[in-house]
Amino acid sequence: MIAIGSDHGGYELKQEIIRYFEENHIEYKDFGCDSLVSCDYPNYGKQVAQAVVEGTCEKGIVICGTGIGISIAANKVKGIRAALCHDCFSAEATRAHNDANVLALGGRVVGPGLALKIVETFLNTEFSKEERHTRRINQLECE
Ligand code: RB5
């Protein structure tokens with residue numbers, strides 16, 4: 001199950017990704033928002049992040065205009081490693097090296113074609129489980 005959420009700046013891209021999920025029979029939970037009406041990205045970033053740390057969803061996707069605000073919001077939740085990716089190389093590397101559990105996208109930065117390739121790459125790349133990457137991920141957590 002993939003958690004997905006956006007503010008108004010990411011709404012249109014969120015709907016494109018949901019269309020892709022439905023076409024490809026990928027289970028998802030949509031945390032909103034539900035329209036282009038202006039709203040606050042921290043609310044949606046945190047709800048998606050919470051679903052991932054609680055384990056009801058295995059990964060999350062968060063989208064705002066730039067992807068920056070909502071990635072900061074998600075990263076405030078303990079246990080979240082949210083990665084803002086606007087290219088496939090970064091999406092692959094952040095799964096393999098950082099075991100990122102949330103993908104952040106900027107709906108005003110990337111078009112839907114590239115965004116869907118980034119989503120596919122993120123969802124289909126496994127963590128490498130190499131000792132040096134596990135060690136560094138463990139060093140990210142602070143009390
Ligand atoms: C909303 O206008 C915009 O600030 C928001 O979507 C996001 O880009 C914040 O980081």
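Note that these values count all heavy atoms, side chains included, but never hydrogens, waters or copies made by symmetry.
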Taking the side chain as C-beta and beyond, is there a heavy-atom pair between [X] and [Y] under 4.5 Å?
| X | Y | answer |
| --- | --- | --- |
| Val77 | Gln50 | yes |
| Arg81 | Ile137 | yes |
| Phe122 | Thr94 | yes |
| Thr121 | Phe89 | no |
| Thr134 | Phe127 | yes |
| Leu84 | Ile68 | yes |
| Ile70 | Ile63 | no |
| Arg132 | Arg136 | yes |

Exercise. Going through the checks in order, is the side-chain contact (heavy atoms from CB on, under 4.5 Å) test met by Val48 and Ile61?
Worked result: CA-CA 7 Å; Val48 167; Ile61 298 178; over 6 Å; no
Closer than 3.5 angstrom, by distance alone: can the side chain of [X] be matched with the main-chain N or O of [Y] as a donor-acceptor pair?
| X | Y | value |
| --- | --- | --- |
| Asp99 | His133 | no |
| His86 | Gly106 | yes |
| Thr125 | Ala96 | no |
| Asp40 | Asn43 | no |

[atom2] on [Y] to [atom1] on [X], rounded to 0.5 Å:
| X | Y | atom1 | atom2 | value |
| --- | --- | --- | --- | --- |
| Asn98 | Ser90 | CG | OG | 10.0 Å |
| Glu58 | Asn101 | CD | CG | 11.0 Å |
| Glu141 | Gln139 | CD | CD | 12.0 Å |
| Leu105 | Ser71 | CG | OG | 10.0 Å |
| Arg135 | Glu130 | CZ | CD | 11.0 Å |

Work out which heavy atom in [X] is nearest to a heavy atom in [Y]; give both atom names and the distance.
| X | Y | result |
| --- | --- | --- |
| Ala51 | Ala3 | CB-CB, 4.3 Å |
| Ala74 | Ala49 | O-CB, 3.8 Å |
| Gly69 | Cys64 | N-SG, 3.8 Å |

For this session: Verify the neighbour count for atom CD of Glu131: are there more than 12 heavy atoms of other residues, nucleotides or ligands below 6.0 Å?
Result: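 Result for CD/Glu131: enclosed.
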Common cluster, [X]/[Y], ILVMFWY with side-chain heavy-atom separation under 4.5 Å:
| X | Y | answer |
| --- | --- | --- |
| Val109 | Val62 | no |
| Ile72 | Tyr44 | no |
| Leu123 | Val110 | yes |
| Ile2 | Leu103 | yes |

Which atom pairs, one a donor and one an acceptor, fall under 3.5 Å between side chains of residues 4-18 and the rest of the protein, sequence neighbours left out?
residue	atom	partner	partner atom	Å
Asp7	OD1	Gly9	N	2.8
Asp7	OD1	Gly10	N	3.2
His8	ND1	Cys39	N	3.1
His8	ND1	Cys39	O	3.4
Lys14	NZ	Asp30	OD1	3.1
Lys14	NZ	Asp30	OD2	3.2
Lys14	NZ	Cys33	O	2.9
Glu16	OE2	Arg19	NH2	3.4

For this session: Mind checking ring-ring contact (aromatic ring centres under 6.0 Å, His included) for Tyr28 and listing every partner two or more places apart, or none if nothing turns up?
Result: Phe21
